[in-house]
Number of protein chains: 2
Amino acid sequence: MLALSLWMRNLESCRFTATMGSELTETETSSDEVAPTLSAVAKRAGVSSITVSRVVRLPDLVAPETRARVEKAMRELGYVPNLVAGALASAKTNSVGVLVPTIANSIFADTVQGLSDKLEPLGYSVILAQSRYDAAREDRMLAALLSRRPEAIIMVGSPATEDGKRLLRHARIPIVETWELPIDPIDAVAGFDNYEAGAAVARHFIAQGRQHLAFIGGDDPRGTRRWLGFQDHALACGLHQPRRLILERNASGSVAAHANLPGVDAVFAANDAHAIGFMAGLRKAGLLRDGPAAAQPVAVVGLGDLEMGRLISPSLSTISVHGDAIGRTAATLTLERGGQRRIDLGFELVLRDSG
Amino acid sequence: MLALSLWMRNLESCRFTATMGSELTETETSSDEVAPTLSAVAKRAGVSSITVSRVVRLPDLVAPETRARVEKAMRELGYVPNLVAGALASAKTNSVGVLVPTIANSIFADTVQGLSDKLEPLGYSVILAQSRYDAAREDRMLAALLSRRPEAIIMVGSPATEDGKRLLRHARIPIVETWELPIDPIDAVAGFDNYEAGAAVARHFIAQGRQHLAFIGGDDPRGTRRWLGFQDHALACGLHQPRRLILERNASGSVAAHANLPGVDAVFAANDAHAIGFMAGLRKAGLLRDGPAAAQPVAVVGLGDLEMGRLISPSLSTISVHGDAIGRTAATLTLERGGQRRIDLGFELVLRDSG
DNA sequence: ATTGCGAATGACAGCGCTAACATATGGCGA
DNA sequence: TCGCCATATGTTAGCGCTGTCATTCGCAAT
């Protein structure tokens with residue numbers, strides 16, 4: 001109470017001293033009705049609310065004894081800062097919006113993990129949204145993210161619509177597009193060249209003497225880029241027109257895929273799950289060997305480098321793409337506005353036994 | 001301008017009319033410096049800001065012509081509502097905090113997808129945090145989530161520390177613990193009985209005539225519950241003490257695991273990735289058959305029912321756990337405070353060729 | 001003695017929005 | 001004609017913080 005009255009010296013406003021009484025009572029009955037506020041803590045510690053705010057954000061500016069008193073009050077009241085109010089007052093939300101097509105059973109989860117590992121220790125929160133490969137939902141999610149005023153947006157790919165692009169461009173925050181290298185990026189980019197990845201696989205198949213190539217997977221923008229690189233390179237090398245089989249997103253469909261690809265002797269699957277599903281189909285058809293790639297009647301290469309691909313037999317050849325690094329790099333790009341804004345993380349063709 | 005002057009009738013405050021001039025200029029030069037606010041839109045549409053607010057949230061309360069005028073102004077200015085301010089004013093953030101141990105390569109991704117599919121269409125945002133199986137980080141993330149004042153918290157498991165539990169209990173919002181059925185839940189639960197899952201696998205192995213059981217996987221709370229059920233049931237049936245091998249979280253370690261389990265003829269892996277890794281090790285050792293479970297020198301059962309388990313050969317027997325349903329159910333539990341607060345989603349022992 | 005300065009603390013206004021309560025306006029039945 | 005209600009819109013007062021200045025106080029430099 002001594003500290004309190006010392007502090008009261010400075011008060012003039014009747015209104016303020018008047019409400020103080022009632023609020024004190026509230027504090028003393030240890031009301032659990034409402035979450036305690038900064039000023040409740042301030043009152044209890046006998047300081048002004050700005051001092052409590054400093055204890056939370058800039059403790060070095062507060063004298064040790066005062067700080068201790070405030071911290072005690074915070075503990076006693078179970079004070080949890082309200083970042084919503086803080087964000088409004090400071091125009092900083094300390095959050096980033098993350099938009100992925102999907103998070104389940106997907107390699108994008110690595111990217112989300114990577115960026116959140118980088119961002120969370122710095123006090124940023126991740127607001128996650130999924131587009132489910134649906135342009136309309138993507139636009140809605142983008143608008144929803146922006147209305148929470150994130151410090152930056154990280155997304156897999158580029159907005160599917162012009163509306164989405166405009167929304168992001170007008171947001172005046174760092175935007176990072178990932179998993180691609182768009183020609184006209186909105187802002188920053190952390191990805192790799194899907195076209196080149198497709199070409200690299202075609203090159204490999206051709207070097208192996210394969211003749212009849214096929215591509216299986218989705219028709220999303222990245223899958224299509226891979227297909228184009230794959231096809232263009234095959235044609236440029238004088239091969240027959242490669243086949244393309246568009247599959248559902250779940251890998252089960254890929255099991256039956258080889259029935260639709262007669263005569264094909266090399267398959268590039270847009271992701272490892274499809275590749276493994278396809279191999280399951282080959283196995284049933286007696287077209288899979290436990291030997292090395294050269295012994296395979298049908299060569300298979302996936303993309304993503306799932307740990308599982310290493311473990312199965314025959315082990316899966318794949319394009320390894322560092323999803324985690326993409327996430328970390330994207331996080332870095334949101335934090336520093338200057339410097340290199342287009343980072344190609346590359347990929348590696350990892351050759352194992354499947355092709 | 002007519003609408004504007006009509007509206008000005010109602011103004012008295014000099015200050016307000018004074019600033020109005022400058023703000024109009026700002027609007028007219030189409031300043032992209034600052035994001036337009038509600039009142040900027042209101043000014044342009046010649047209405048009060050509350051009307052704009054209504055157009056956004058309760059359009060039925062606004063006359064069609066007025067609404068059209070406001071919508072036009074919003075479009076022209078590229079208005080994006082500021083949910084941070086809205087949240088502070090209405091004490092509703094329309095967000096839920098989600099805490100998972102990890103999102104990458106993990107079955108929890110299904111749960112996050114499930115809940116976000118349910119929540120996003122309702123206008124809720126998902127704030128995602130990872131504890132990385134670290135109690136201190138979990139507590140920090142919990143505090144960080146709560147300070148954003150989410151409408152609810154959904155987490156995998158229960159808080160590892162008393163501090164964490166207290167934090168959640170004091171938050172006075174729905175809390176959903178998932179993937180377990182804790183004895184003294186904080187609030188709601190959507191999970192399954194990990195102990196019973198372990199027991200079910202042991203029962204199955206015993207029925208199959210297996211004698212020397214082992215458990216491989218992590219020592220997180222859920223893994224340990226599975227182990228206990230597995231062990232207790234084996235002992236109750238008079239088997240030797242089962243072995244337990246604690247592995248790193250990545251599946252690679254499981255490849256070499258069988259070398260440390262001499263004489264073992266049945267293995268329960270805490271997740272499918274470990275199971276598949278373990279099978280890779282068996283294959284190298286010549287202990288894996290492409291035939292049915294009975295033919296396997298070492299039976300293997302996983303947990304999670306990854307799609308991949310169905311595709312590999314021999315196909316993986318597993319405990320299927322409906323991660324997606326857990327997420328959806330958890331979402332439902334955050335929305336309705338009444339009703340059943342403890343939902344057991346169960347599990348299924350799916351028998352295939354591995355064990 | 002005066003000035004200046006750094007350290008510690010506080011007052012005040014306002015972030016952009018919404019809840020709660022007015023206030024017009026125009027039928028419409030009594 | 002007079003309430004009376006429904007519809008459409010507006011005014012006011014914050015939500016719980018933080019930015020931006022004060023202000024106070026001791027103490028060293030002049």
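Values below: all heavy atoms of this structure, side chains included; hydrogens, waters and symmetry mates excluded. Just so we're on the same page: letters track the sequence lines, and every chain starts at 1.
- Using a 4.5 Å heavy-atom threshold, the side chains of S95(A) and R148(B) count as touching.
- Two residues, R54(A) and P81(B), neighbour DNA chain C, and the one matched to the more 5' nucleotide by heavy-atom proximity is R54(A).
- We find that CG of N94(A) is positioned 20 Å from P of dC15(C), with the value rounded to whole Å.
- Side-chain atoms of R328(B) do not come within 3.5 Å of backbone N or O of D117(B) as any donor-acceptor pair.
- Dashed line: the shortest gap from a side-chain N or O of T66(A) to OP1 or OP2 of dT9(C) is under 4.0 Å.
- Taking atom NZ on K92(B) and atom C1' on dG14(D), their separation rounds to 19 Å, with Å as the unit.
- Side chain of I50(A), nearest nucleotide from dG10(C), dG10(D), dG16(C): dG10(C).
- In the set dC17(D), dG16(C), dG10(C), dG10(C) carries the atom at the smallest distance from any side-chain atom of T51(A).
- Among the atoms of the strands shown, only primed sugar atoms or phosphate atoms (P, OP1, OP2) are found under 4.0 Å from some heavy atom of A63(A).
- Regarding L61(A), its CG atom lies at a distance of 20 Å from the P atom of dT23(D), rounded to whole Å.
- Remark: C1' of dC17(D) and CG of L88(A) are 8 Å apart, rounded to the nearest angstrom.
- At a cut-off of 3.5 angstrom, the base of dG16(D) holds no donor-acceptor pair with the side chain of R149(B).
- In this structure, the side chain of T111(A) does not engage the main chain of I326(A) through any donor-acceptor pair within 3.5 Å.
- Tested against E120(A), the residues R137(B), R132(B), R140(B) include a single side-chain hydrogen bond (donor to acceptor under 3.5 Å, both in side chains) partner, R137(B).
- One atom, CG of N82(A), and another, C1' of dC17(D), lie 7 Å apart when rounded to the nearest Å.
- Proximity of S39(A) to the phosphate of dG16(D): no side-chain N or O atom is located under 4.0 Å from OP1 or OP2.
- If you measure from atom CZ of R69(B) to atom P of dT9(D), you get 8 Å, rounded to the nearest angstrom.
- For dC17(D), one of the phosphate oxygens OP1 or OP2 lies less than 4.0 angstrom from a side-chain nitrogen or oxygen of Y79(A).
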Derivation of the side chain to side chain contact (heavy atoms under 4.5 Å, CB included) call for L83(A) and N94(A): CA-CA 9 Å; L83(A) 253 51; N94(A) 283 295; 5.6 Å; no

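- As judged by a 4.0 angstrom heavy-atom cut-off over every strand, V62(A) is placed among residues touching the sugar-phosphate backbone only.
- The phosphate of dT9(C) has neither OP1 nor OP2 within less than 4.0 Å of any side-chain N or O from S48(A).
- Between the CG atom of L58(B) and the P atom of dC17(C) there is a distance of 15 Å, rounded to whole Å.
- Regarding contacts with the backbone of dT18(C), every side-chain N or O of S90(B) stays at 4.0 angstrom or more from both OP1 and OP2.
- With DNA chain D read from its 5' end, the first of the two nearest nucleotides for G86(A) and S49(B) is the one closest to S49(B).
- Judged by distance alone, the side chain of T37(A) and the main-chain N or O of A40(A) form a donor-acceptor pair under 3.5 Å.
- Side-chain nitrogen and oxygen atoms of R57(B) include at least one within less than 4.0 Å of the OP1 or OP2 phosphate oxygen of dT18(C).
- With rounding to whole Å, D60(A) atom CG is found 16 Å from dT9(C) atom C1'.
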